[in-house]
Every structure is written in C-alpha cells, then in structure tokens.
Amino acid sequence: MADIIDGKAFAARLRGEVAEGVAAFRAKSGRAPGLAVVLVGEDPASAVYVRSKHKACVAAGMESFEHRLPADTAEAALLALIEQLNADPAVDGILVQLPLPKHIDEMKVIEAIDPDKDVDGFTIGSAGRLATGQDGFVPCTPLGCLMLLRDRLGDLSGKSAVIIGRSNIVGKPMAMLLLRESCTVTIAHSRTEDLPSVVRGADIVVAAVGRPEMVKGDWLKPGATVIDVGINRVAAAEEGKTKLVGDVDFAEAMETASAVTPVPGGVGPMTIACLLHNTLAAAERRETIG
Ligand code: NAD
C-alpha cells in the first residue's frame, strides 16, 4: 500500500512559515505585503477561488485588494486597472483570475502585469526566466507539486519524470521545474501514442489533464511517486450528490505506487499556499530594490 502525500498538512506548514515571514516584513518595512486579485464576471468556480485567496491572504497577515468587475468590462478598462495596480506601492502581487470573458485577450492582460508583481508567474518574461534557469516567479500549482516531490524524495536528480498535460499554467512549467532538478523529463499530451507505456517508465508521474481517474494502476511503475493535479467533479454513489476526483484512479494507484497525492487534500491546498509564498517574495524583493 502506498503512502498518501498530505498536501493539506504541508500547505498549512507553508502558510505558517509565510505568516512568520509577513510579521518580520511588517516589523522591518512598516507595512504588510499586498496582493491584488482581479475577477471579471460571475464564474462560480472562479468566485470560490478568489474568496479562498482573500481569506488565506488575510489569515497570513497580508493586505488583500479585491477587484470585482462585471462580465462586460471592456478590455481597455481592465488594462487601465492593471496599470493602476502596477503603479500602486501598496500592491506587491497582481493576480488576474482566469479564464477571462471571451471578448478579452487573456495574453494581452497578463502581459500588462509588471514582471516584478507577476506572482502567478504567467507572463512571457516569467516563463522565459524559468525556461532559461534564472530566478523569477514560478506558477503556483507546479511550484506546490515540486515542493511535495522534494519533501517526499529529496534529491530528484536523474529520476525519470512523465508529465501528462502541456498547458502553460501547469504542464509546461512543471516540466521546466523538473528539468531544473535534473530529472529526465517527458511531456505527454492528448496526441501521445500509447500513453500507458510512456507513463510506465516514470519514477515520477504528474497528471494535469482534467479527465477523471484516467491514469490506471497498471500504467504505473511499481514504487512510482504520483502527483495528481486534476480536479474533476463527478457523480457520487449517493444519488444527486457529486464528489471531486483527480486524473488518477486513486485506489488503483495506491496498490502500485509508493506515494500518491489525494484529491482533494493533495495539490489543491498547495496552490494558494504558494501564491502567498510568491507574494511575500515579491514584497521582499521590491523592498530590497526600493
Ligand atoms: P488544460 O485543459 O489547459 O490542459 C490539459 C492538458 O491535458 C492538455 O495539454 C492536453 O494535451 C492534455 N490531455 C487532454 N486529454 C488527454 C489525453 N486523453 N491524454 C493525455 N493528455 C491529454 O488543463 P490545465 O489547466 O493544465 O489543468 C489540468 C487539470 O488540473 C484540470 O483538472 C484542472 O482543474 C486541474 N488544475 C488544478 C489546480 C490545482 O490547484 N490543484 C490548478 C490548475 C489546474
């Protein structure tokens, strides 16, 4: 039976460390680190994420600035708000909750964020820094996955890692992070042929697909470490109820792997904890540079 990787407990520890860092930052600079979160429209899942981010910020002693805009907000008005936040000295990090309404060019909005305030790590500059091995902001979900892997396995050098999914927010930055750790990295995706045998070669599997319980136990190398990023809502056994499952068949993976992250309680809590971590880092950096 594999071990369950407790992301909830790890994230709680990380949030505690950030809160200590925030207190030290306040004592030194006389102000709290500030995170601005921008939500456009009424998407219920996005609204839940934004509320959790706000609560976590406040609990860590940070300032949280919420900007809720109607779904029909013009792109120019959103860009003007980003400019205003870029210039605001109380704001250390800017997060624009995705997805944006269809009439707004997402990349244009992300690119408008000051690179020193890009705590989500989604700008081209941050992606480039990660790809070229320079310091910069790393997207929160893959950063959380890396922390869990390092905690579990220590040195990752030489390990074979398969990442399933090639999105800009999870799969690609995850691949760059594991390459930086000297893993041998394979990125699998929707066009990969014979995915089960590709996955079977991996010491580390990171699944970021969005397909409920796609990765089966017999796809895994015995003793593999499995990080399940997927969040999928499916029908529960009880009629009319739903539940969350990952991209990995958890029960089957527990029979073959050596360690698996559960859904919920694995990667999910790490994402917000890493956002706080990045925001504190942004504040410290801005304070040092002046
Ligand atoms: P995405 O839709 O942008 O990308 C999905 C990727 O999966 C694509 O690159 C695609 O090539 C690949 N894919 C699709 N079907 C496949 C198949 N049959 N075989 C192999 N690969 C396939 O998704 P995303 O934004 O990267 O998110 C992936 C999952 O992670 C979703 O379930 C999302 O909800 C979840 N997620 C969780 C967190 C968190 O905090 N835990 C954060 C971000 C995303």
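Position 1 is the first residue of the sequence; numbering continues from there. Whatever order the structure lists them in is the order used to number ligands and atoms, beginning at 1.
- L280 and L276 fall within the same hydrophobic cluster, defined by Ile, Leu, Val, Met, Phe, Trp and Tyr side-chain heavy atoms under 4.5 Å apart, directly or through other members.
- Distances shorter than 4.0 angstrom occur between a heavy atom of I164 and an atom of ligand 1.
- Residue contacts with ligand 1 for T141 involve side-chain atoms from C-beta outward but no N, CA, C or O (heavy atoms, distance under 4.0 Å).
- The shortest contact between atom 13 (N) of ligand 1 and any protein heavy atom is with V209 CG1, 3.5 Å.
- Atom CD of residue E42 and atom CZ of residue R68 lie 8.5 Å apart, to the nearest 0.5 angstrom.
- When only non-hydrogen protein atoms are considered, atom 31 (C) of ligand 1 lies nearest to G210 CA, 3.7 Å.
- What sits closest to atom 9 (O) of ligand 1 on the protein, heavy atoms only, is R166 N, 2.8 Å.
- The protein heavy-atom contact nearest to atom 11 (O) of ligand 1 is S190 N, 3.1 Å.
- Remark: D194 CG is packed, more than 12 non-hydrogen atoms of other residues, nucleotides or ligands lying under 6.0 Å away.
- Under a 4.0 Å heavy-atom criterion, G171 is not in contact with ligand 1.
- Side-chain heavy atoms closer than 4.5 Å link hydrophobic residues (I, L, V, M, F, W, Y) into clusters, and following such links, even through other members, never connects V91 to V119.
- The shortest non-hydrogen separation linking R166 to S190 is NH2-OG, 3.9 Å.
- More than 12 non-hydrogen atoms from other residues, nucleotides or ligands lie less than 6.0 angstrom from CZ of R13.
- Closest protein heavy atom to atom 1 (P) of ligand 1: S167 CB, 4.1 Å.
- Against a heavy-atom cut-off of under 4.0 Å, L195 is close to the following atoms of ligand 1: 19 (N), 20 (C).
- Annotation for Q134: atom CD counts as buried by contact number, over 12 foreign heavy atoms lying within 6.0 Å.
- In terms of heavy-atom proximity, L39 sits nearest to A47 at CD2-CA, 4.0 Å.
- Across every non-hydrogen atom of C140 and C274, the tightest pair is O-CB, 3.6 Å.
- The part of R211 lying near ligand 1 is the side chain, judged by heavy-atom distances below 4.0 Å.
- Between D247 and ligand 1, not a single N/O pair is under 3.5 Å apart.
- With ligand atoms numbered from 1 in the order given, ligand 1 contributes 41 (N) to contacts under 4.0 Å with heavy atoms of V267.
- With hydrogens left out, the protein atom closest to atom 21 (N) of ligand 1 is H189 C, 3.1 Å, a heavy atom.
- Taking distance alone, with nitrogen or oxygen atoms compared against 3.5 Å, V170 stays at or beyond that limit from ligand 1.
- Using a 4.0 Å cut-off between charged side-chain N and carboxylate O, E287 and R31 make a salt bridge.
- Shortest contact from atom 40 (O) of ligand 1 to any protein heavy atom: T271 OG1, 2.7 Å.
- Atom numbering of ligand 1 starts at 1 in the shown order; those under 4.0 Å from a heavy atom of I169 are 25 (O).
- With ligand atoms numbered from 1 in the order given, ligand 1 contributes 41 (N) to contacts under 4.0 Å with heavy atoms of G268.
- Of the protein's heavy atoms, V229 O, 3.1 Å lies nearest to atom 37 (C) of ligand 1.
- The side-chain contact (heavy atoms from CB on, under 4.5 Å) with V109 is formed by just one residue from the set L98, V96, V40; it is V96.
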